[in-house]
Amino acid sequence: MEDRNSMLLDKSFYIRPDVVKISRELTGKYIFTKTDGKNITGGIISETEAYAGINDKASHAYNNKRTKRTETMFMTGGVAYVYLCYGIHSLLNIVTNKEDIPHAVLIRGIIPTDGIDIIKQRTGYKKINKNSLNGPGKVTKALGIDISHDKTPLSDNIIWMEVRNEKIPKQNITVTKRIGIDYAQEDALLPYRFVLEE
DNA sequence: CTAGTGATGTAT
DNA sequence: TACATCACTAGC
C-alpha cells in the first residue's frame, strides 16, 4: 500500500484546524474502502464540502448542538461521520480538528478507479464512468458505506484516504457555495464546496 | 418536477 | 409518544 507512489493520510492530516483548507486538499486525493467482506473499491475524490462547526449554520453541530448523532463530529479528527439523510441515503463525512471542535468534510463525489465490478454490483449500474458517482448518496452506495460505519477510524483499513503522485494543480479546483443547505441563511453562500474540473 | 424513506430532534 | 424535518436520488 505505502510506497513512493502512494501514502496513507494519517491523523496529522485530519487534526489540523482549517477545515476549509482540508476540504480543498481532500479534493483530488484517493478514497478506498474494504467493506461487506468484498475487495477494495475506491476512486479520486472529485467533490467535497466543508462544515465548519459551531458557528456554521449549515452544520449539524451549529450552536454547539451535541446529540447522540452529532457526537461523532466532536471526536478527534480522522474518523468517519456517517448519517442517514432523507430516510434513504447514507452520507459520508470526514471529521477534522481536535476533540470537541466539530468540523467535518462531506465527500460529495468520486471518480471511480478501483473495484469497478463491485461498484456495479452495489449500485446496479451497467456502465461506470467518471461521472457515475457524482453525488454523496451514490458514493456511499458504491463504496458499501452505511450508518454502521459511523465513528470508523480512517486508519483501520476499512475506509481510508491516500495521496498519490498525480499532481492536482490548485487552478483545477472550482470553488462554489454548498448544495442543499438553503436553511442556513447567510452561511448558505459561503465558498465551502470544492469540485475537480474536467 | 415530485415521491420516496426512516432515523433523529424537538415538543408535548 | 407524536410529528416535522432532512449535507439526496431516480424517474417522469
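Only this structure's heavy atoms are used, side chains among them; waters, hydrogens and symmetry mates stay out. Residue numbers start from 1 in every chain, and the chains themselves are labelled A, B, ... in the order their sequence lines are given, proteins ahead of strands.
Y125(A) comes within 4.0 angstrom of sugar-phosphate atoms only, judged by non-hydrogen atoms across all strands, and of no base. Counting non-hydrogen atoms under 4.0 angstrom, I181(A) reaches the backbone sugars and phosphates but no base.
Rounded to whole angstrom, the span from the CG atom of L133(A) across to the C1' atom of dA10(C) amounts to 15 Å. When rounded to the nearest whole Å, the span between CD1 of I88(A) and P of dC8(C) equals 12 Å. In this structure, Y86(A) places its OH atom 15 Å from C1' of dA10(C), rounding to the nearest Å. If you take NZ of K65(A) and C1' of dA7(C), they are 13 Å apart, rounded to a whole angstrom. Going from atom NZ of K138(A) over to atom P of dA7(C) covers 18 Å, rounded to whole Å. Distance K177(A) NZ to dA7(C) P: 16 Å, rounded to the nearest Å. Atom-to-atom, CG of D182(A) to P of dC8(C) comes out at 10 Å; the value is rounded to the nearest Å. At whole-Å resolution of the value, CG in L106(A) and P in dC8(C) are 7 Å apart.
In this structure, dA7(C) shows a glycosidic angle within 90 degrees of zero, which is the syn conformation.
The closest side-chain donor-acceptor pair between R122(A) and T41(A) falls under 3.5 angstrom. For the residue pair Q185(A) / Y183(A), no side-chain donor-acceptor distance below 3.5 Å is found, with atom types taken as modelled.
Proximity note for C85(A) (side chain, C-beta onward) versus dG9(B), dC8(C), dA7(B): the nearest is dC8(C). Distances from the side chain of Y81(A) to the nucleotides dA7(C), dC8(C), dG9(B) place dA7(C) closest.
With Y30(A) as the aromatic partner, R164(A) meets the cation-pi criteria of under 6.0 angstrom to the ring centre and within 45 degrees of the ring axis.
Between Y81(A) and the options H149(A), H60(A), K151(A), a side chain to side chain donor-acceptor pair (under 3.5 Å) holds for only H60(A).
Under 4.0 angstrom from either OP1 or OP2 of dT9(C) there lies no side-chain N or O belonging to K141(A). The side chain of R108(A) places an N or O atom within less than 4.0 Å of a non-bridging phosphate oxygen (OP1 or OP2) of dC8(C). Contact annotation: Y183(A) side-chain N/O to dA7(C) OP1/OP2 distance is under 4.0 Å.
For H89(A) against dA7(C), a side-chain-to-base donor-acceptor contact under 3.5 Å is absent.
The nucleotide dA7(C) finds no pairing partner, because no Watson-Crick or G-U wobble arrangement with both distances shorter than 3.5 Å includes it. For dT5(B), there is no paired base (Watson-Crick or G-U wobble, both distances below 3.5 Å).
Salt-bridge check for D150(A) with R69(A): failed, with every basic side-chain N at 4.0 Å or more from each acidic carboxylate O.
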